Colleague: 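After the structure tokens below, expect a handful of questions from me.
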Amino acid sequence: VDAVPDIAIDGRRTIAVQKSLLEKNAAVAARLRARFRDAGVFVVNVLSSPGAGKTELLGRLLDEFGRRWRCGVIVGDLATDHDAQRLRGRGAPIVQLTTGHLCHLEASMIETALGHLPAGEADLLLIENVGNLVCPSGYDLGESLRVVVASVTEGEDKPLKYPVMYRTADLVLINKIDLAAAVGYDRARADASLDPVAPNAARFEVSARTGAGLDRWHDFLEAKVRASRES
Ligand SMILES: Nc1nc2c(ncn2[C@@H]2O[C@H](COP(=O)(O)OP(=O)(O)OP(=O)(O)O)[C@@H](O)[C@H]2O)c(=O)[nH]1
Ligand SMILES: [Mg+2]
């Protein structure tokens, strides 16, 4: 997790509190990471702006893996259980976290949510974070893989405008590629925005709607899960 830079707003400095919150979160995340490692659980934290397609992509993933792997899903939203309802019946238990005013998930919430998943750990735990390109980036959830979903309808410059989020990504899924022509998506400009902030993150173009590109993403994930089991 990146250290939060010291920022003066109207001459006041509030960052010390943020730092201590992040330190507390990091300690819980470290505990979670050890627990997941001991239990052999591979954990994916999925982040994006609202509506980029996190739930749709997770639904597709469950359709592929839900009956082959023991999956569990934790979804976070400010309000409603809409995402949990969409994901139910696809081969995995779902826990919906509603955060009220909080714009991100924290490691302690994941610890609590684990108590609501069936006994015996999963092979693959999927976490859908609250839709937000800013707040969730600083909060480690003990994950093995951090996936940022960028949809083509958001504008190609978003990685440059929200660099902290993209800097933490292990993988960027460029979703809604079926709409690329309709919105005049400029691939070269998108790459030029991603290159400075996420040079080492894998990038796949996908469409959760049509299924285009999903095989590559699913194969990538399967290889990661298998590699983590062998290590
Ligand atoms: N055309 C198209 N629409 C998509 C695609 N993926 C998702 N959508 C649509 O985009 C809308 C938002 O998708 P969600 O899966 O709810 O997005 P989300 O990131 O989970 O949204 P929040 O949880 O609210 O942050 C829905 O109407 C989806 O059907 C895609 O690949 N192509
Ligand atoms: Mg969602």
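In each ligand, atom 1 is the first atom listed, and ligand 1 is the first ligand listed. Source: prediction; values computed, not measured.
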Colleague: Side chain to side chain contact (heavy atoms under 4.5 Å, CB included), that's the test. Do Leu62 and Leu126 meet it? Break it down for me.
Modeller: CA-CA 10 Å; Leu62 288 181; Leu126 305 166; 3.9 Å; yes
Colleague: With a cut-off of 4.0 Å, which atoms of ligand 1 are near a heavy atom of Asp178?
Modeller: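 Contacts of ligand 1 toward Asp178, numbered from 1: 1 (N), 2 (C), 30 (C), 31 (O), 32 (N).
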Colleague: Would you tell me whether Thr210 and Asp178 have side-chain atoms, one donor and one acceptor, within less than 3.5 Å of each other?
Modeller: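 The criterion, which ignores hydrogens and geometry beyond distance, is not satisfied for Asp178 and Thr210.
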Colleague: Find the distance between OG (Ser151) and CG (Leu57) and round it off to the nearest 0.5 Å.
Modeller: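 So the gap between those two atoms works out to 10.0 Å.
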Colleague: Enumerate the ring pair (Phe, Tyr, Trp, His ring centres under 6.0 Å) contacts for residues 88-108, please, sequence neighbours excluded, ordered by first and then second residue.
Modeller: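 The answer is His104-Tyr139.
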Colleague: Once ring pair (Phe, Tyr, Trp, His ring centres under 6.0 Å) is applied, what residue pairs with a partner in residues 154-201 remain, sequence neighbours excluded?
Modeller: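 Found none.
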Colleague: Mind checking how many protein N/O/S atoms fall short of 2.8 Å from the Mg ion (ligand 2)?
Modeller: 3
Colleague: Does the protein come close to atom 30 (C) of ligand 1 - that is, does one of its heavy atoms sit below 4.0 Å from that atom?
Modeller: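 Looking at atom 30 (C) of ligand 1, one finds that a protein heavy atom does lie closer than 4.0 Å.
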Colleague: Spell out, yes or no, whether Met109 and Leu141 are grouped together once hydrophobic residues are joined by side-chain heavy atoms under 4.5 Å, including indirect joins.
Modeller: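 Result: yes, single cluster for both.
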Colleague: Give me the residue, atom name and distance of the protein heavy atom closest to atom 17 (O) of ligand 1.
Modeller: Gly53 N, 3.1 Å
Colleague: Return the closest protein heavy atom for atom 21 (O) of ligand 1 as residue, atom name and distance.
Modeller: Gly51 N, 3.0 Å
Colleague: For a side-chain contact (heavy atoms from CB on, under 4.5 Å) with Leu214, tell me which candidate from Val206, Leu61, Asp63 qualifies.
Modeller: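 When Val206, Leu61, Asp63 are each tested with Leu214, the side-chain contact (heavy atoms from CB on, under 4.5 Å) holds only for Val206.
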Colleague: Identify the protein heavy atom lying closest to atom 6 (N) of ligand 1, giving its residue, its atom name and the separation to 0.1 Å.
Modeller: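 Scanning the protein heavy atoms, the shortest distance from atom 6 (N) of ligand 1 goes to Asn175 ND2, 3.1 Å.
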Colleague: Could you tell me how the ring of Phe220 sits relative to the ring of Trp217: parallel (under 30°), tilted (30 to 60°) or perpendicular (over 60°)?
Modeller: tilted
Colleague: Looking at ligand 1, does any of its N/O atoms fall within less than 3.5 Å of an N/O of Ala52?
Modeller: yes
Colleague: Any non-hydrogen atom of Arg86 lying under 4.0 Å from ligand 1?
Modeller: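 Per 4.0 Å heavy-atom rule, Arg86 contacts ligand 1.
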Colleague: Numbering the atoms of ligand 1 from 1, which are under 4.0 Å from a heavy atom of Asp83?
Modeller: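 Within the 4.0 Å cut-off of Asp83, ligand 1 contributes 23 (O).
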Colleague: Check each heavy atom of Leu179 against ligand 1 and say whether those closer than 4.0 Å belong to the side chain, the backbone, both or neither.
Modeller: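 It is the side chain that gets close, since no backbone atom is under 4.0 Å.
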Colleague: Tell me which one of Arg209, Lys176, Glu56 gets a heavy atom nearest to atom 10 (O) of ligand 1.
Modeller: Lys176
Colleague: Regarding Gln96 and Asp77, is there a side-chain donor-to-acceptor distance under 3.5 Å anywhere?
Modeller: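 Short answer, yes.
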Colleague: Just how far is it from atom CE of Met165 to atom NZ of Lys158, taken to the nearest 0.5 Å?
Modeller: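 Going from the CE atom of Met165 to the NZ atom of Lys158 covers 14.0 Å.
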Colleague: Any nitrogen or oxygen of Ala208, main chain or side chain, under 3.5 Å from a nitrogen or oxygen of ligand 1?
Modeller: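 Between Ala208 and ligand 1, an N or O pair is found under 3.5 Å apart.
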Colleague: What part of Ser48 sits under 4.0 Å from ligand 1 if we count only heavy atoms: the side chain, the backbone, both or neither?
Modeller: side chain
Colleague: May I have all residue pairs that pass ring pair (Phe, Tyr, Trp, His ring centres under 6.0 Å) and include part of residues 39-61, sequence neighbours excluded?
Modeller: none
Colleague: In the structure I gave you, are the side-chain heavy atoms of Leu32 and Ile110 within less than 4.5 Å of one another anywhere?
Modeller: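 Yes. Closest side-chain heavy atoms under 4.5 Å.
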Colleague: Find all atoms of ligand 1 within a distance of less than 4.0 Å from any non-hydrogen atom belonging to Lys54, and give their numbers and elements.
Modeller: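 Result: 15 (O), 17 (O), 18 (P), 19 (O), 20 (O), 21 (O), 22 (P), 23 (O), 25 (O).
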